[in-house]
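Note that this is a predicted model, so its numbers are computed, not measured.
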Amino acid sequence: MGPRPLLSWLEDPATGRGIRFAAADDAWESWSYADLASLSLRVAAGLAEMAVPRGSVVSIVQQSSPRFVATLFGAMVAGCVPSPVAPPLTFQDPEAYAAHVRGLLGSAAPHLVVADEDLVETLQPIARTSGVAPRLVGVEGLLAAGPDEPRARAPRAELALLQFTSGSSGAARGIRVPYGSLEANIDAIRGWLRMTPDDPTASWLPVHHDMGLIGCLLTPVVNQSDIWLMKPEQFIHTPLRYLQCFGTHGARLTAMPNFGLSYIARRVKPAQVEGLDFSHLRTVIVGAERLDPVAFEGFHGLLGPRGLTRLAVLPAYGLAESTLAVTGLALEEEWTSLSVEPGSLALGRKVALAAPGEDAQQLIGCGRPLGGAHVAIHDPDGGELPEGAVGEIVVTGPSVAAGYVTRDAPAAPVGEGAGAPSSFAGGALHTGDAGFLMDGQLYVLGRLGDSMKVRGRAIFAEDLEAALGVAGVPPLRVAALLGVRDGTPTAVALFEQAAPEWLETCRTLLAQRTEGARVVVVNAPRGSIARTSSGKPKRRLLWRRFLDDMLPGDVVVDSGDQTNTLRGLS
């Protein structure tokens with residue numbers, strides 16, 4: 001028996017289960033799957049009434065809400081391809097947001113943009129100047145356009161989804177996800193977690209990108225299990241409310257990047273979780289960025305006394321180009337960290353294991369391939385490397401997407417764009433991520449584009465940030481940037497309102513870890529580190545700004561300067 005069809009839940013939607021959307025204060029707005037199915041069919045009817053062609057892209061610019069879910073599935077029912085786009089954040093630069101959305105629309109070339117009513121005026125000039133001039137409609141107008149249900153179900157399109165990358169290594173790129181890939185990945189996640197309809201999910205992740213969209217929305221919807229859904233800003237404001245989804249309301253499954261673990265451990269006090277029971281929290285999937293043992297230990301240290309087991313915290317690896325999940329730790333297996341010699345991380349060479357200690361680098365394994373995926377490690381020439389050797393992570397399997405979309409050639413295969421950080425060749429996804437396999441587990445080191453080679457060894461930006469975290473620097477207050485400037489390998493640490501002791505620590509640590517490279521430390525105002533929706537620094541964007549002398553803040557360390565001292569601090 002194959003994967004469950006993506007739209008099968010619409011045929012017999014549950015009345016006793018559904019999605020609870022976080023409202024103001026501590027209230028929740030409950031929608032049964034029967035009600036969401038009805039709303040989805042109304043959206044499909046509106047699209048049919050507006051004569052949106054089958055197979056065309058429908059961009060969705062809406063907050064996490066019942067109408068977002070209905071527009072997503074309604075577009076599929078109408079034979080269209082939904083493409084979620086994040087709405088603007090409260091304090092986001094309007095010009096930067098406009099440029100971002102203009103690029104997404106120009107790439108996706110949607111026939112129609114469906115927006116929240118209060119965003120229509122903001123989006124009109126953006127859509128007009130996107131180069132594709134899509135029609136723009138408010139979601140309420142779409143719902144009012146047609147009958148309660150489509151007169152006939154349209155054949156489904158070739159693609160289930162056009163989802164965009166987070167843009168951590170450059171401009172966001174649209175990924176063509178066929179129904180087969182999406183259904184295979186959802187089936188892999190359900191099988192991995194042994195999900196039943198009695199396993200509620202809770203999430204604060206944005207619903208516009210792969211981890212929140214597929215892992216914490218589409219998968220439990222297809223499973224018809226209850227969902228407790230918060231917006232990211234609600235989680236940032238009150239992380240305790242998110243924890244109450246498990247400790248009070250009984251949710252069992254969730255996922256987040258490890259900066260979410262760190263944020264919870266930092267913001268929530270042990271006294272605040274007194275009386276909450278986390279023994280039913282069965283799975284906390286952690287992925288989307290380099291896994292940090294300190295974050296894992298801090299999160300378990302907070303909730304372990306209240307019933308959370310170490311087995312519940314599941315490291316994973318995935319990326320939008322493979323729909324979402326690629327590897328994950330088995331439910332019965334406890335996460336562990338591997339100690340390696342930092343100087344042994346050279347591409348093409350085997351890592352050297354080390355005894356745990358101050359100088360050893362701690363790496364958490366991301367589990368084993370899921371759902372028929374195959375993971376191999378390749379050298380720069382494309383040859384497969386043996387276990388333990390560092391190289392590029394290459395993925396094949398049923399969940400791999402069909403390719404990137406481009407403006408001039410919508411059906412172009414992945415990787416034809418110049419300078420693409422990830423690429424496809426012969427059906428294999430070359431991820432652009434560095435890692436190695438050990439005892440069947442995948443260990444991820446970081447982006448190949450966010451590393452540099454100094455004296456024969458590879459240095460990764462994530463390693464430097466992890467070392468600074470161990471030394472006491474909060475993870476969201478610094479970003480490491482690596483590259484070559486004026487022919488010299490250069491390591492940049494960009495801080496947001498750094499404490500003086502962080503700067504001194506950073507100067508010493510970078511001088512040791514990047515010996516032979518130029519070290520530059522910049523202290524900038526809060527909000528200077530551009531980040532993706534999952535919290536990853538947009539390193540390529542920041543590196544370009546460094547090359548153009550456009551980074552905000554003051555240079556307080558520059559080993560290329562003869563003085564080589566901390567400057568601007570009293």
- [ ] Could you give me the CA-CA distance, side-chain angles and deciding distance for Glu140 and Arg67, then say whether salt bridge (charged side-chain N to carboxylate O under 4.0 Å, His left out) is met?
- [x] CA-CA 9 Å; Glu140 300 304 328; Arg67 278 157 172 70; 2.5 Å; yes

Open item on the list: Would you say that more than 12 heavy atoms from the other residues, nucleotides or ligands in this model lie under 6.0 Å from the CG of Asp118, or not?
Closed with: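 It does: Asp118 CG has more than 12 such atoms within range.
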
Open item on the list: Just checking His249: does its NE2 atom have more than 12 heavy atoms from other residues, nucleotides or ligands closer to it than 6.0 angstrom?
Closed with: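 Above 12, so yes.
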
TODO: Taking all heavy atoms of Phe246 and all of Ala202, pick out the closest pair and write down the distance.
DONE: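 It is CZ-CB, 3.6 Å.
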
Task: Non-hydrogen atoms of Asn223 and Arg190 that approach each other most closely - done: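 Heavy-atom minimum between the residues: OD1-NE, 3.0 Å.
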
Open item on the list: Could you go through Leu429 and Val394, starting from their C-alpha distance and side-chain angles, then the distance that decides it, and tell me whether this counts as side chain to side chain contact (heavy atoms under 4.5 Å, CB included)?
Closed with: CA-CA 6 Å; Leu429 170 61; Val394 178; over 6 Å; no

Open item on the list: Under 6.0 Å from the ring centre and within 45 degrees of the ring axis: does the NZ or CZ of Arg173 meet both conditions for the six-membered ring of Tyr404?
Closed with: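 Output yes; distance and angle both within limits.
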
Are side-chain N/O atoms of [X] and [Y] paired as donor and acceptor at under 3.5 Å?
X: Asp35; Y: Ser32; value: yes
X: Ser399; Y: Asn185; value: yes
X: Ser225; Y: Arg17; value: no
X: Thr71; Y: Gln62; value: yes
X: Trp31; Y: Glu29; value: yes

Open item on the list: Under the ring-ring contact (aromatic ring centres under 6.0 Å, His included) test against Trp228, which residue among Trp204, Phe21, Trp28 passes?
Closed with: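 Looking at Trp204, Phe21, Trp28, the match for Trp228 under the ring-ring contact (aromatic ring centres under 6.0 Å, His included) is Trp28.
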
Open item on the list: Any carboxylate oxygen within less than 4.0 angstrom of a Lys/Arg side-chain nitrogen, looking at Glu158 and Arg54?
Closed with: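 Looking at Glu158 and Arg54, the cut-off is not met.
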
TODO: May I ask you to decide whether Arg4 forms a salt bridge with Asp187, counting only side-chain N to carboxylate O separations under 4.0 Å?
DONE: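 Between Asp187 and Arg4 there is no salt bridge, as every charged N stays at least 4.0 Å from the carboxylate O atoms.
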
- [ ] Give the intermediate values and the outcome of side chain to side chain contact (heavy atoms under 4.5 Å, CB included) for residues Leu36 and Ile19.
- [x] CA-CA 9 Å; Leu36 288 169; Ile19 306 178; 3.7 Å; yes

TODO: With sequence neighbours excluded, tell me which residues meet side chain to side chain donor-acceptor pair (under 3.5 Å) with Arg252.
DONE: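 Side chain to side chain donor-acceptor pair (under 3.5 Å) check on Arg252 returns Asp199.
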
Open item on the list: Quick one, His208 with Phe164, criterion ring pair (Phe, Tyr, Trp, His ring centres under 6.0 Å). Give me CA distance, side-chain angles, the key distance, then yes/no.
Closed with: CA-CA 8 Å; His208 311 91; Phe164 280 87; over 10 Å; no

- [ ] Carefully, step by step, assess Arg539 and Glu465 under the rule salt bridge (charged side-chain N to carboxylate O under 4.0 Å, His left out).
- [x] CA-CA 12 Å; Arg539 301 187 201 278; Glu465 289 174 359; 2.6 Å; yes

Task: Check: Ala524 main-chain N/O paired with Glu496 side-chain donor or acceptor under 3.5 Å - done: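 Checking the backbone N and O of Ala524 against the side chain of Glu496, no donor-acceptor pair under 3.5 Å is found.
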
